[in-house]
Amino acid sequence: EVQLQASGGGLVQAGGSLRLSCVASGFTFDDHAIAWFRQAPGEEREGVSCANAKNGYTYSMASVKGRFTISRDNAKSTVYLDMNALIPEDTAVYYCATSKFGPECPAPALASKLYDSWGQGTQVTVSS
């Protein structure tokens, strides 16, 4: 059974930092690109960052570039999202998901319909 377990969320003041983790099991981790998505109350889910399986390529949405960094440790079947300079607009439930199309981020990289095996999400709340 494919499982993705996200953790690391919490309440942080604006300007603060958090590190999210997503531990995967039930599939060959380094055969799939992994992405982080987020969904704020009343909003549609949006893609945040994607990481290829093996070559270090990453892609992030414009509003988080320079603040968020996605990385992965294939030996631990874990993907991370380091979030710095957080702003209230980053408040959302954050999810990780696997690409349906193998080890490279799909095109477009952050289209949610191109991902499956969603984790349960972790809440990030940024206070002003």
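This structure is a prediction, so every number in the text was calculated from the model and none was measured. Just so you know, these numbers use all the heavy atoms, side chains as well, and skip hydrogens, waters and symmetry mates.
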**Q** Out of curiosity, Arg45 CZ to Leu110 CG, how far, rounded to the nearest 0.5 Å?
**A** 12.0 Å
**Q** Nearest 0.5 angstrom please: Leu81 CG to Arg72 CZ, how far?
**A** 13.5 Å
**Q** Determine the minimum heavy-atom distance between Val64 and Ser49, stating which atoms define it.
**A** CG2-OG, 4.3 Å
**Q** Is it true that a side-chain atom of Asn52 and a backbone atom of Cys105 form a donor plus acceptor pair closer than 3.5 Å?
**A** yes
**Q** Within a 6.0 Å radius of atom CD on Glu104, are there more than 12 heavy atoms belonging to other residues, nucleotides or ligands?
**A** no
**Q** To check you understand the geometry: which heavy-atom pair defines the closest contact between Gly121 and Val93, and what is its length?
**A** CA-CG1, 3.8 Å
**Q** Is the side chain of Lys76 donor-acceptor paired with the backbone N or O of Val23 at a distance under 3.5 Å, no angle test?
**A** no
**Q** Is Ile70 reachable from Leu18 through a run of I, L, V, M, F, W or Y residues, each pair having side-chain heavy atoms under 4.5 Å apart?
**A** yes
**Q** First locate atom SG of Cys50, then atom CG of Leu114, and finally report the distance between them rounded to the nearest 0.5 Å.
**A** 10.0 Å
**Q** So, does Thr122 use its side chain to make a donor-acceptor pair with the main chain of Gly9 at under 3.5 Å?
**A** yes
**Q** Between Gln5 and Ser7, do the side chains contain a donor N or O and an acceptor N or O under 3.5 Å apart?
**A** no
**Q** Mind checking whether Met61 and Met83 sit in one hydrophobic cluster, side chains of I, L, V, M, F, W, Y counted as touching below 4.5 Å?
**A** yes
**Q** State the OG-NZ distance between Ser117 and Lys100, to the nearest 0.5 angstrom.
**A** 9.5 Å
**Q** Measuring from His32:NE2 to Ser99:OG, what's the distance to the nearest 0.5 Å?
**A** 8.0 Å
**Q** State the CD1-CG distance between Ile34 and Asn74, to the nearest 0.5 angstrom.
**A** 9.0 Å
**Q** Can Arg38 and Asp90 be counted as an ion pair, charged N to O under 4.0 angstrom?
**A** yes
**Q** Can you list the steps and then say if Trp36 with Val79 is a side chain to side chain contact (heavy atoms under 4.5 Å, CB included)?
**A** CA-CA 9 Å; Trp36 286 97; Val79 62; 3.9 Å; yes
**Q** What about Val48 and Tyr80, same hydrophobic cluster or not, with Ile/Leu/Val/Met/Phe/Trp/Tyr joined at side-chain heavy-atom distances under 4.5 Å?
**A** no
**Q** Side chain to side chain contact (heavy atoms under 4.5 Å, CB included) between Val12 and Ser17: does it pass, once the steps are laid out?
**A** CA-CA 7 Å; Val12 63; Ser17 299; over 6 Å; no
**Q** Give a yes or no on whether Tyr95 and Leu86 share a hydrophobic cluster (residues Ile, Leu, Val, Met, Phe, Trp, Tyr; joining criterion: side-chain heavy atoms under 4.5 Å apart).
**A** no
**Q** To check you understand the geometry: which heavy-atom pair defines the closest contact between Ala40 and Ala92, and what is its length?
**A** N-CB, 3.8 Å
**Q** Examine distances only and state if a side-chain atom of Thr91 and a backbone atom of Val126 form a donor-acceptor pair shorter than 3.5 Å.
**A** yes
**Q** Hydrophobic clusters here meaning ILVMFWY residues chained together by side-chain heavy-atom distances under 4.5 Å, can you tell me if Phe29 and Tyr57 are in one?
**A** yes
**Q** Give me the ring orientation class for Phe68 and Tyr94: parallel if the planes are under 30° apart, tilted from 30 to 60°, perpendicular past 60°.
**A** tilted
**Q** So, the side chain of Gln120 versus the backbone of Ala6: is there a donor-acceptor pair under 3.5 Å, distance only?
**A** yes
**Q** For Asp116 and Val2: C-alpha separation, side-chain torsions, deciding distance, then whether side chain to side chain contact (heavy atoms under 4.5 Å, CB included) applies.
**A** CA-CA 10 Å; Asp116 57 13; Val2 174; over 6 Å; no
**Q** Under the ring-ring contact (aromatic ring centres under 6.0 Å, His included) definition, can you give me all pairs with a residue in residues 99-128, not counting sequence neighbours?
**A** Phe37-Tyr115, Phe37-Trp118
